[in-house]
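None of these values were measured; they are calculated from a predicted model. When reading the values below, keep in mind they use all heavy atoms of this one structure, side chains included, and skip hydrogens, waters and symmetry mates.
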Amino acid sequence: MRILHCLRAPIGGLFRHVCDLAGEQARLGHAVGIVCDDGSVNALSERRLTELEPHLELGLTRLAMSRHISLSDLTAYRGTLRLVRSADVEVLHGHGAKGGAYARLAARALKRDGRRVAAIYTPHGGSLHYDPSSLIGRIYLGLEQQLARLTDAVIFESAFAAKIFRQKVGRLPGQVAIIPNGLTAADFMPHRPAADAADLLFVGELRQLKGVDVLLEAMARIAAERPVGAVIVGSGPDAASFKELAERLGLSGRVSFPGAMPVHDAFALGRCLVVPSRAESLPYVVLEAVAAGVPLVATRVGGIPEIVDADVAGLVPPGDPEALAVRLRAVLNAPAAARETADRLKLALGSRFTVSAMAASALSVYAACLEARPFVRHQEVPTAS
């Protein structure tokens, strides 16, 4: 097949998902390409794209894509359409709200040209994070409803994401599959914290949705009782506000912000990974931490309970600094028990999430859409609980 993956910002879990999926599809002999924003790349993403580009028969194309709806979307869409027409693309797989819009609109144009093409969409959260009662929520979710009519199949990473989509957007006229994110053998390398590792570690995009502010407020409560340090790894639009908050809370000497880096390099910087997100789908960082045996404190949101047993992992409610502080104290006071729990979670994870299964399942969806026949529904990964 000739497959083009379309996304906006090449950062975070969505970016890893696309890279893993595109790389495995290329390894299996398919002609694959990626189109993404040209202005949202950090050094880590740039390195990953450089490594992947030689394997992309349909190339790596970068276009200016704004985060929010703007007139520049028309230029980006036209660039995407020129690309898919010239590359004779058969499958347009859009990731996230912006990538999903460009891919499905381009697929509609190809179908009007009489070409056989499949329009696939994976939300990765995106518009689904908006409150449907707000003006911006009504706009984005209304657009999702319109674009759903142009969609041959929607692939969700978690049962939770599928549920939220149905609640906020409605049932889809096309096909639906739940295909969880996948891991590689390298992800199961054991976690070994450095001798000077901090007590706590955050790895992810630095924006309010990820709850870094909640972590800092929980730390401030603990710091009043005992020494505690954290490393906040990542980059994002709210980095400056988080640094300012750390200073206001008296944590500037206890918290460092080294920027983005490979997750397994980051894991060595801390003894316990904290995932204080307000919302998630099926976060890679949780999968990666459990596979590596990293002690974990996370919120009970999205598809996280589909990865780990919520009771064993001690998941906490989102947006609650006091509840997070209580859980962090328990881990800090009993590090050996935290390691034992991490080992139990790793054992339970087993081989339920693999890149090869993820790619094979996605390809079966593509083929079914191109052949206009029902596909064998991917067997959903059972929840850990």
| message | Would Q25 and M1 count as a side chain to side chain contact (heavy atoms under 4.5 Å, CB included) here? Give the steps. | response | CA-CA 9 Å; Q25 289 170 346; M1 290 182 242; over 6 Å; no

| request: Flag yes if V275 and F353 sit in one hydrophobic cluster, no otherwise; membership is Ile, Leu, Val, Met, Phe, Trp, Tyr, and two members link when side-chain heavy atoms are under 4.5 Å apart. | output: yes

| query | Distance from L216 atom CG to E244 atom CD, nearest 0.5 Å? | reply | 12.0 Å

| Pairwise side-chain contact, D113 with L110, heavy-atom cut-off 4.5 Å (strictly under) | yes

| said: Tell me whether E53 is salt-bridged to R62, with the criterion being a basic N under 4.0 Å from an acidic carboxylate O. | reply: no

| note | What one should report as the nearest heavy-atom pair of V316 and A323 is CG1-O, 4.0 Å

| Can you name the nearest heavy-atom pair linking F202 to V274, along with the distance? | CD1-O, 3.6 Å

| said: Is the ring pair H5/H95 parallel, tilted or perpendicular, if the boundaries are 30 and 60 degrees? | reply: tilted

| field | Backbone of E157 reached by a side-chain donor or acceptor of N181 within 3.5 Å | value | no

| Any chance CG of L74 has more than 12 other-residue heavy atoms, nucleotides or ligands included, within less than 6.0 Å? | yes

| field | Salt-bridge criterion met for D73 and R8 (N-O under 4.0 Å) | value | no

| task | Could you walk me through whether I232 and L215 pass the side chain to side chain contact (heavy atoms under 4.5 Å, CB included) test, one step at a time? | result | CA-CA 10 Å; I232 309 296; L215 169 57; 3.8 Å; yes

| message | Using 0.5 Å steps for rounding, measure from the CZ atom of R108 to the CG atom of L81. | response | 10.5 Å

| message | Is it the case that the side chain of E280 and the backbone of I304 share a donor-acceptor pair, with hydrogens and angles ignored and the cut-off at 3.5 Å? | response | no

| Looking at R344 and D309, does any basic side-chain N land under 4.0 Å from a carboxylate oxygen? | no

| Can V203 be reached from V290 by stepping across I, L, V, M, F, W or Y side chains whose heavy atoms are under 4.5 Å apart? | yes

| query | Under a single-linkage definition using a 4.5 Å side-chain heavy-atom cutoff for Ile, Leu, Val, Met, Phe, Trp and Tyr, are V294 and L201 assigned to the same hydrophobic cluster? | reply | yes

| note | Taking every heavy atom of Y140 against every heavy atom of I69, the minimum-distance pair comes out as OH-N, 3.5 Å

| Between S86 (side chain) and L83 (backbone), is there a donor-acceptor pair under 3.5 Å? | yes

| Gap separating the CG atom of D37 from the CZ atom of R67, nearest 0.5 angstrom | 11.0 Å

| query | For R226, does the CZ atom sit with more than 12 other heavy atoms under 6.0 Å from it, leaving out its own atoms? | reply | yes

| remark: Closest non-hydrogen atoms of E205 and P237, given as atom of the first, atom of the second and distance, are OE2-CD, 4.0 Å

| query | Judged by atom type as modelled, is there a donor-acceptor pair below 3.5 Å linking the side chain of K346 to the main-chain atoms of A291? | reply | yes

| query | Between L60 and L4, is there a shared hydrophobic cluster once you connect ILVMFWY residues whose side-chain heavy atoms come closer than 4.5 Å? | reply | no

| said: Can a donor-acceptor pair be found, under 3.5 Å and without considering hydrogens, that links the side chain of K168 to the backbone of G137? | reply: no

| said: Give me the atom names and distance for the closest heavy-atom approach of A106 to Y77. | reply: N-CE1, 3.5 Å

| field | Carboxylate-amine/guanidinium contact E90 R115, below 4.0 Å | value | no

| said: Has D152 got a side-chain atom pairing as donor or acceptor with A119's backbone, closer than 3.5 angstrom? | reply: yes

| query | Does the pair V228 and L328 meet the rule for a side chain to side chain contact (heavy atoms under 4.5 Å, CB included), with working shown? | reply | CA-CA 10 Å; V228 61; L328 292 176; over 6 Å; no

| field | Nearest-0.5 Å distance that lies between atom OG in S241 and atom CG in D213 | value | 8.0 Å

| said: Nearest 0.5 angstrom please: F156 CZ to F165 CZ, how far? | reply: 5.0 Å

| field | Side chains of T122 and H93, donor plus acceptor under 3.5 Å | value | yes

| query | Have E144 and Y121 got a donor and an acceptor in their side chains that come within less than 3.5 Å? | reply | yes

| message | Holding to ring pair (Phe, Tyr, Trp, His ring centres under 6.0 Å), I want the full list of residues that pass it with F160, two or more places apart in sequence or in another chain. | response | none

| Would you call E288-R16 a salt bridge at under 4.0 Å N-O? | yes

| query | Does S45 use its side chain to pair, donor to acceptor, with the backbone of P10 at less than 3.5 Å? | reply | yes

| query | Got a salt bridge between R254 and D199, using NZ or NE/NH1/NH2 to carboxylate O under 4.0 Å? | reply | no

| If you take all heavy atoms of A260 and S235, which pair is closest and at what distance? | CB-OG, 4.3 Å

| task | Using atom types as modelled and distance alone, determine if a side-chain donor or acceptor of R278 lies under 3.5 Å from a backbone N or O of Q208. | result | yes

| query | With no hydrogens and no angle check, is any side-chain donor or acceptor of R2 less than 3.5 Å from a backbone partner on V84? | reply | no

| query | In chain order, what residues pass the ring pair (Phe, Tyr, Trp, His ring centres under 6.0 Å) check against H55, with sequence neighbours excluded? | reply | none

| said: Let's go through V308 and L315 carefully: what are the C-alpha distance in whole Å and the side-chain angles of both, what is the deciding distance for side chain to side chain contact (heavy atoms under 4.5 Å, CB included) to 0.1 Å, and is it a yes or a no? | reply: CA-CA 9 Å; V308 298; L315 302 181; 4.3 Å; yes

| field | Within-4.5 Å side-chain heavy-atom neighbours: L349 and L287 | value | yes

| query | At what distance, to the nearest 0.5 angstrom, does CG of L206 lie from CZ of F257? | reply | 7.0 Å

| Side-chain donor or acceptor of H191 paired with backbone N/O of F267 under 3.5 Å | yes

